[in-house]
Structure formats: structure tokens, C-alpha cells
Amino acid sequence: MSKKQWTLHRKAFFHTRIFFRKYPALPYILKWLCISMIIGGLAGTASAGFLESLEWATQFRESHIWLIAFLPVAGFLIGLLYHYYGKDVEAGNNLLIDSIDDPKEIIPLKMAPFVYLGTMITHFFGGSAGREGTALQMAGAIADQFSKPFQLDKNERKILLIAAIAAGFGSIFGTPLAGAVFGLEVFLIGRIRYNAIFPAFASAIFADLVTSLWKVKHTHYSIDFVPKIEFLPVLYSILAGIAFGICAAGFSRSIHWTGSVFKSKIKYPPFRPVVGGIIVALAVFAMGTTRYIGLGIPVIVESFEKPLPLYDFALKMIFTIITLSAGFKGGEVTPLFFIGATLGSALSFFIPLPFGLLAGMGFVAVFAGATNTPLACMLMGIELFGAESGVYIAIACVVSYLLSGHTSIYTKQKIGEAKNRRFESDRDSSISDL
């Protein structure tokens with residue numbers, strides 16, 4: 001190398017150092033931008049495939065109602081699969097939260113196909129379950145496989161899993177902003193990890209874009225009328241939020257209690273979904289309706305169009321609790337949307353607010369109380385229903401979050417900040433410890 005070339009190299013190196021000193025965050029941004037594009041691409045593709053196949057399974061089941069009679073057999077197959085081959089991934093979303101709190105071994109990749117297969121079987125044969133749990137677990141299991149190739153340390157691996165949860169949630173519901181904040185908010189009640197804010201938002205946005213590129217469409221909801229912000233409507237929103245918070249706490253406590261009953265009464269795990277499947281199948285045929293099984297999207301849409309009877313939310317809650325606590329796979333969030341929206345719609349008989357607005361408030365507020373993620377739910381409400389309803393949605397989410405207490409559908413959530421000063425001693429405890 002000539003002296004002139006050597007001088008040019010030295011100048012280039014010197015200017016590079018000056019540039020990175022001037023913009024110290026740039027390497028971090030470039031690194032996580034690349035990782036987020038990979039996570040978003042894979043999670044978005046997985047969500048797109050899952051949503052398409054779930055739509056097919058739902059349509060096929062509704063055209064062949066006799067399939068519901070085989071729900072106990074389907075439950076037995078799911079139970080066998082997880083009992084003999086999937087014990088290390090059976091914890092599902094709680095495993096993801098636990099891995100963020102204290103990363104240990106890499107999450108087994110088999111979590112993704114296991115939860116996908118289990119969820120598809122559950123929906124195909126008529127269980128009442130959601131879809132977010134599947135999306136989060138697929139995204140988390142896939143993303144964690146890159147921890148070693150990317151040579152991520154313990155703290156960086158936590159960020160990776162947060163980004164994966166954000167990508168899975170944002171892409172499955174078409175709400176990237178809510179997905180990002182959900183990933184930052186879900187594992188620690190009352191606190192947010194701001195060092196993961198860029199990867200979470202980038203991954204959620206990329207995942208949503210990829211899902212859209214696959215031509216997958218999400219359900220749209222509309223609130224016809226939003227009243228002006230005044231004292232009485234705000235007061236009514238607080239009252240509705242109280243109802244949503246009580247409902248959220250009741251759901252969380254009931255699903256854990258019912259699960260413990262199944263475990264204490266039925267010692268052989270594969271038999272638990274058999275019993276749960278028999279109860280659900282008999283109830284469906286006795287009632288003569290499939291209104292309360294599957295995702296229940298048509299009923300959610302209906303709750304925005306007219307006031308619904310009060311028993312709709314209660315029956316969906318019962319069907320979902322039996323399905324999931326027995327050991328079937330899927331998520332709780334879409335059933336919580338159903339429960340909240342139908343409860344809100346029914347509350348319009350007692351609370352003088354538009355039924356569409358109450359349905360939208362309940363849609364996200366019951367979810368906020370059951371998962372302790374009020375900020376994510378506020379953003380979700382704004383993304384789904386528009387900014388006009390933002391104040392009412394925020395009130396309902398905050399009140400529901402506070403009223404639900406230290407309960408959650410995710411037992412591995414830890415308390416970062418207690419909701420009440422009387423419970424400061426609960427800080428750093430997990431929901432399962434309480």
C-alpha cells in the first residue's frame with residue numbers, strides 16, 4: 001500500500017470515528033433495524049398463514065357442525081401431544097414472559113408448530129379460544145432461535161423476545177402501535193423497558209406490513225356516534241370501566257380456579273381436554289347454536305350494530321374458561337374482545353351512552369384489566385375505532401386496569417409497581433406467587 005493510500009485510509013477511519021461519536025445511537029439503530037426486519041418478516045408471514053388457515057377452519061366447521069361431536073377426541077390428541085412431547089413448551093405465553101424476566105435456555109422451536117397445530121385443532125372442532133397466544137408463541141419461538149447466531153447477550157435476548165411479542169401481536173390484529181406497547185408492557189405490571197422501544201415498534205410495524213403484503217385482511221369495526229366530552233358522559237364511562245374491571249378480574253380468577261380443578265380432579269393430563277370437550281360439545285348441541293365457540297367475530301361485529309342481551313358475555317366467558325382451562329390451545333384475547341364488546345353493548349340498557357361506543361370501550365377495557373396493559377389497549381382502541389373515541393376508551397381502560405387488582409390471565413407477570421400503596425409489599429412478586 002502506497003503512502004497516499006495509507007493516508008486516505010487513515011482519514012476515512014478518522015472521519016468514521018468522528019461520525020459515530022457524533023451519532024452514538026446509530027450502531028444500535030442499524031443493528032436492531034436489521035434484526036427487526038428479520039423478526040417482522042418471519043412473524044408477519046407466520047401470522048398471515050395462521051390467519052388464513054384459521055379462517056378456513058372456521059368456515060369448514062360452520063358448514064359441518066357434526067365435527068363438534070369429535071371435540072373430546074381432538075382434545076385427547078392435543079393432550080397426548082403436549083403430555084409426551086411438549087411439556088417444555090406447555091406453559092405457552094407464560095414461558096415467554098418468564099424468559100424475558102430471566103432468560104435461560106433457548107425457547108424450543110417446536111413451540112411454534114405445536115401451538116399452531118393445537119390451536120387449529122381446537123378451532124376446527126369447536127372449542128372457544130382466541131388467536132393471540134398462538135401468534136405470540138410462534139413469533140417468540142422463531143425469534144429466539146436467532147439469539148446465538150446474532151451473539152446476543154442476556155439483556156439483548158430480552159429485547160429480542162419483547163420485539164417478537166410486539167411483532168406477533170401487532171400482525172395478528174393489524175394494530176402495530178398497540179402491539180409494540182403490548183410487548184413493552186405485558187411482562188412487568190406498571191413499568192416499561194424503554195431500551196426495547198425501538199426494536200418493539202420496528203418489529204411490530206414490519207410484521208404488520210408483511211402480513212398486509214400477504215393480502216390478509218383484518219376485521220373492521222366502527223363506532224357510529226361519539227358524544228361530546230362532558231361531565232355526565234365521562235361519569236358514565238367511569239361506571240362502565242368499573243363493570244369492565246370486575247369482569248376482567250372475574251375472568252382471570254375463574255380461568256385459573258377452573259384449571260386447578262381440572263388438574264386436581266383429573267390426574268392424567270390428556271383426559272382433561274376430553275372432559276372439557278364433552279362439556280362444550282354437549283352444551284353446543286343442547287343450545288342449538290355455535291354462537292359462543294370459535295373466535296366469535298360475527299357476534300363482536302353485531303355488538304357494534306345493536307344492543308345485545310346480557311347473557312351473551314356470560315356464556316362466552318363460560319365456554320372459553322372451560323375450553324382453555326381444560327387444556328385446549330389458543331388465546332384468551334379474542335374471547336376477551338367478545339366478552340368486553342357484548343358486555344358493553346348490553347350495558348347500554350343501563351348506562352346512557354351509545355351502544356357502539358360502549359361496545360368499543362368494553363372491547364379493549366376488559367382486555368386491559370385481564371392483561372394489565374392499559375396503554376396498549378388505549379392505542380388499540382384508537383387504531384381500531386378512531387381517535388374520536390380515544391378519551392372514553394382511555395377512561396375505561398384505566399379504570400378497568402385499576403379495578404381488576406393484581407390478577408391476570410398471565411400468571412408469570414410480575415408486579416413492577418403496585419396498583420395501590422397498600423400493596424407495596426407485592427412488588428416484584430408474580431401473579432402466581434400471589
Side-chain angles (χ1 to χ4, degrees), residues 28-53 81-82 84-120 131-172 176 179-180 182-184 186-187 193 195-211 213-214 329-331 410 412:
Y28 169 87
I29 292 173
L30 292 175
K31 174 182 178 178
W32 282 105
L33 183 63
C34 294
I35 294 174
S36 297
M37 289 176 68
I38 295 171
I39 294 172
L42 294 173
T45 299
S47 291
F50 172 56
L51 287 171
E52 286 294 298
S53 52
L81 178 68
Y82 274 87
Y84 289 105
Y85 303 104
K87 285 185 177 180
D88 51 345
V89 296
E90 193 172 15
N93 290 339
N94 283 311
L95 177 59
L96 297 179
I97 294 172
D98 215 18
S99 297
I100 294 173
D101 181 60
D102 184 22
K104 293 177 182 176
E105 296 182 2
I106 300 296
I107 296 172
L109 182 59
K110 66 181 179 182
M111 173 186 267
F114 273 41
V115 74
Y116 172 81
L117 186 61
T119 304
M120 290 302 301
R131 52 193 172 180
E132 108 293 338
T134 308
L136 301 190
Q137 291 171 51
M138 289 194 301
I142 293 169
D144 207 21
Q145 308 311 307
F146 293 96
S147 296
K148 288 184 177 179
F150 290 160
Q151 298 181 343
L152 303 181
D153 60 29
K154 189 175 182 178
N155 288 325
E156 289 175 325
R157 188 177 161 216
K158 292 181 180 182
I159 295 174
L160 180 76
L161 291 173
I162 290 171
I165 290 174
F169 191 97
S171 59
I172 205 70
F182 181 82
L184 295 166
V186 69
F187 66 98
R193 281 189 64 127
N195 64 339
I197 193 167
F198 175 74
F201 273 91
S203 298
I205 292 168
F206 280 125
D208 182 54
L209 285 172
V210 169
T211 303
L213 288 174
W214 284 108
K329 297 303 171 183
Y410 306 130
K412 289 300 181 179

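No experiment lies behind these values; they were computed from the predicted model shown.
- Across Ser53 and Met120, no two heavy atoms sit closer than the pair O-CE, 3.2 Å.
- Separating the CG atom in Asn93 from the NZ atom in Lys412 is a distance of 13.5 Å, to the nearest 0.5 Å.
- Gly118 approaches Lys329 most closely through the heavy-atom pair C-CB, 3.7 Å.
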Donor-acceptor pairs are to be reported for all side-chain atoms of residues 30-43 against protein atoms at under 3.5 Å, with residues two or more places apart or in another chain.
from, atom 1, to, atom 2, distance (Å)
Lys31, NZ, Glu156, OE2, 2.5
Ser36, OG, Trp32, O, 2.6
Ser36, OG, Ser203, OG, 3.2

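- Pairs engaging residues 106-119 under the salt bridge (Lys or Arg N to Asp or Glu O under 4.0 Å) rule: Asp88-Lys110 [sequence neighbours left out].
- Looking at residues two or more places apart in sequence or on another chain, you find no salt bridge (charged side-chain N to carboxylate O under 4.0 Å, His left out) involving Asp153.
- A donor-acceptor pair under 3.5 Å is absent between the side-chain atoms of Thr134 and the main chain of Tyr116, judged by distance alone.
- Partners of Lys148 under the salt bridge (charged side-chain N to carboxylate O under 4.0 Å, His left out) rule, at least two apart in sequence or in another chain, do not exist in this structure.
- The CD atom of Gln137 sits 6.0 Å away from the CG atom of Leu96 when rounded to the nearest 0.5 Å.
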Do any side-chain atoms of residues 159-172 form donor-acceptor pairs under 3.5 angstrom with protein atoms, and if so which ones, sequence neighbours left out?
from, atom 1, to, atom 2, distance (Å)
Ser171, OG, Ser47, OG, 2.8
Ser171, OG, Ala167, O, 2.7
Ser171, OG, Gly168, O, 3.2

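- Shortest non-hydrogen contact noted between Gln145 and Pro108 is NE2-C, 4.0 Å.
- In this view, Asp208 satisfies the side chain to side chain donor-acceptor pair (under 3.5 Å) rule with no residue, not counting sequence neighbours.
- In this structure, the ring pair (Phe, Tyr, Trp, His ring centres under 6.0 Å) partners of Tyr82, at least two apart in sequence or on a different chain, are Phe114.
- Applying the side-chain contact (heavy atoms from CB on, under 4.5 Å) test to Ile197 and every residue at least two apart in sequence or in another chain returns Leu184, Tyr194, Phe201.
- When every heavy atom of Ile97 is checked against every heavy atom of Tyr410, the shortest pair comes out as CD1-CB, 3.6 Å.
- Interatomic distance, Ser99 OG to Ile107 CD1, rounded to the nearest 0.5 Å: 4.0 Å.
- Qualifying side chain to side chain donor-acceptor pair (under 3.5 Å) partners for Thr45, counting only residues two or more places apart in sequence or in other chains: Trp214.
- Note that CG of Leu109 and CE of Met111 are 10.5 Å apart. Values are rounded to the nearest 0.5 Å.
- Partners of Arg193 under the salt bridge (charged side-chain N to carboxylate O under 4.0 Å, His left out) rule, at least two apart in sequence or in another chain, do not exist in this structure.
- Annotation: salt bridge (charged side-chain N to carboxylate O under 4.0 Å, His left out) contacts of Lys104 (sequence neighbours excluded): Asp102.
- Remark: Phe146 pairs with Phe150 by the ring pair (Phe, Tyr, Trp, His ring centres under 6.0 Å) rule, at least two apart or across chains.
- Counting only heavy atoms from C-beta outward, the side chains of Arg131 and Thr119 never approach each other to under 4.5 Å.
- Nearest approach of Gly44 to Thr211, heavy atoms of both residues: O-OG1, 3.1 Å.
- For the atom pair Asp98 CG and Ile100 CD1, the distance stands at 10.0 Å (nearest 0.5 Å).
- Side-chain atoms of Val115 and Met138, non-hydrogen and from C-beta on, do get closer than 4.5 Å to each other.
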